Amino acid sequence: FPERLHRLRRIRLPRPSWRSVLGAVVLIVIPPLALGAAATVPHLVWGRVTPSTAASIDTSALPALPRSFASTAAWSQDVHGMMDVVAGAAGPVVLSSDGVVGLNPADGSTRWTYPRKHARFIRCHPSPDRHHLAVTLDSTDGEEPKGMSVEPLVVVLDTVTGRVTYEGFMQGDVLQITDSVLLNGTTGYSLTDGSRLWSIDAEDVSVSPDTWPYSGTAGHSSFLLRGTQRRPDGRESRDGLYGTYTLMPDTAPSVRRESAPLLTDGRGSPLVVGGWVAAFTQTPTPIDFQTSPTGWAAQAVNLDAMAGVAGADTTTYDLGLTSGANITASHATGTLTTLPQRTVGNGAGSMPTSPQELEGGTAVAAIFDPQTRTVSHSAQEAGVLSYAGLARAESGSGGVLSVSSGERTPTTVDVPAGSTYYPPGTRHVWTIDDPSPSSNPLLTTLSTPGTTLVIMATGPDKGSHSFRIFGISGASS
């Protein structure tokens, strides 16, 4: 979505006020490690927030990701000022300029709210089990004192109840989250009570000539520290096909292990879904793409097992030959989806721009579902969406939203005329076979517990944050 979750940046501030000056004094006087545990400190910079929480749900009663689709949408909701939508443990979580809201997947009603009027979110990272969501946001409340630097605010929310489980200032450039620990800079904090657990050396998460730190979702009980990304010819590159990382259990910060070559998102980060990663079985070696298809053997691996976490699932799942990760499909469906081999004449030095560059003319080779621990080879077999599009209605000037996973009878929803800035059929389309999606899509999809979302832009694609969210339940058995 436009302007969503930009790269973390230090915020330079031009106009002093008593609140911002007091916040700066707090930053100087209170050691940074103390800020993470003190939930009230950030409110010296930004006014106090009163969340509306929901009842807890037993883990066994939480909804699963749907792997089938009803014939029409169960609900829809217009959201203005929307920044992002992510999958929580109990359903969708929406970030907007009004704050964060947890939705009931059955009807789209509000379960809990974390109100932040005029919020400016920078990043968000869900935990592997989706039970927590770490967000970073501008902590100045729009007041910009000249000559001062105030770090972004970090808030971790329980996605089932909306309860704040951690609050503090950003302590560097690295933010990672496991199921139970937040790594903020070099310090680990408990997601139970926000207490400080341990610290690691700054060198473990610092930039060097050949390594870069990672921020994002980690393993269920393990972190990825510095890593090196490489192209198929072995050259180091931030947009490399694969990367090797130093791994660390979140309960044993002195333990280090090196990962196998992990498939990346092509933008400098490993692809981690539900605590699982796709790893090449051997370091990729150059292939003469002018005479041979380009691809290497890969498998799905539990990141905790690779990090040496006791009791982790050590089973691996064969993904066959692949030339890289299908990032669009993986993020939308909550799966590890790989690309087929590149066709002769097309190397894997950069992301493909068309399915015609891939064997079979498709962008799907294998789909590993961490929820079911199964490997499929098509969207229909996996039970995930393969297509969503808004076309003109046969009569009138409205549109029809069609959603399909390859089955003969797609899900359809009528869209009234005039309810979207661009007319139906313009660019409202999402497909699992597009390996190079638009950076400003008018339509995307997201699988969340209890409902599959279709997220459609209703305003212009530049400068607008107005969207309509459709919730599609699983098909009745």
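The structure presented is a predicted model; accordingly, all values stated were derived computationally and were not measured.
A donor-acceptor pair under 3.5 Å is absent between the side-chain atoms of Ser96 and the main chain of Met83, judged by distance alone. With Thr159 contributing its side chain and Ala89 its backbone, the two residues share a donor-acceptor pair below 3.5 Å. Arg196 places no side-chain N or O within donor-acceptor distance of the main-chain N or O of Tyr189, the cut-off being under 3.5 Å. Between the Arg256 side chain and the Thr246 main chain, no donor and acceptor come within less than 3.5 Å of each other. The main-chain N or O of Leu241 is never found under 3.5 Å from a side-chain atom of Gln229 such that the two would form a donor-acceptor pair. Here the side chain of Asp265 pairs a donor or acceptor atom with the backbone of Ser269 at under 3.5 angstrom. Formation of a donor-acceptor pair under 3.5 Å by the Arg231 side chain with backbone atoms of Gly349 is found in this model. His465 places a side-chain N or O within 3.5 Å of a backbone atom of Met82 that can act as its donor or acceptor partner. The closest donor-acceptor contact from the side chain of Ser97 to the backbone of His118 lies at 3.5 Å or more, if one exists at all. Remark: the backbone N or O of Arg163 is paired with a side-chain donor or acceptor of Thr161 at under 3.5 angstrom.
Counting heavy atoms from C-beta outward, Val273 and Pro370 have side chains that approach closer than 4.5 Å. Counting heavy atoms from C-beta on, the side chains of Val49 and Pro115 come closer than 4.5 Å. By the 4.5 Å heavy-atom criterion applied to side chains, Gln299 and Tyr317 are not counted as neighbours.
For the atom pair CG of Leu303 and CZ of Phe223, the computed distance is 11.0 Å after rounding to the nearest 0.5 Å. For the atom pair OG1 (Thr338) and CG (Leu263), the distance works out to 7.5 Å, reported to the nearest 0.5 Å. The line from OH of Tyr166 to NE2 of His132 is 13.5 Å long, rounded to the nearest 0.5 Å. Rounding to the nearest 0.5 Å gives a distance of 4.5 Å between OG1 of Thr337 and CD1 of Ile367. Residue Thr451 holds its OG1 atom at 12.0 Å from CZ of Phe470, rounded to the nearest 0.5 Å. For the atom pair OG1 (Thr328) and CD1 (Ile432), the distance works out to 9.5 Å, reported to the nearest 0.5 Å.
Classification of Asp98 and Lys117 as a salt-bridged pair holds, one side-chain N sitting under 4.0 Å from a carboxylate O.
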**Asked** Please walk me through it: do Thr294 and Ser323 pass side chain to side chain donor-acceptor pair (under 3.5 Å)?
**Response** CA-CA 6 Å; Thr294 302; Ser323 61; over 6 Å; no

Tell me, with the steps shown, if Ser222 and Asp304 meet side chain to side chain donor-acceptor pair (under 3.5 Å). CA-CA 6 Å; Ser222 56; Asp304 289 350; 2.6 Å; yes

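Here the rule is side-chain contact (heavy atoms from CB on, under 4.5 Å) with Leu175, and of Val156, Leu182, Leu183 only Leu182 fits it. Of the candidates His125, Arg123, Gln176, Ser215 forms a side chain to side chain donor-acceptor pair (under 3.5 Å) with just one, namely Arg123.
Side-chain contact, Ser466 with His80: a donor N or O sits under 3.5 Å from an acceptor N or O.
What you find for Pro253 and Trp198 is that their closest heavy atoms are CG-CG, 3.7 Å.
The aromatic rings of Tyr242 and Phe280 lie perpendicular to each other, with more than 60° between the two planes, well past the 30° mark.
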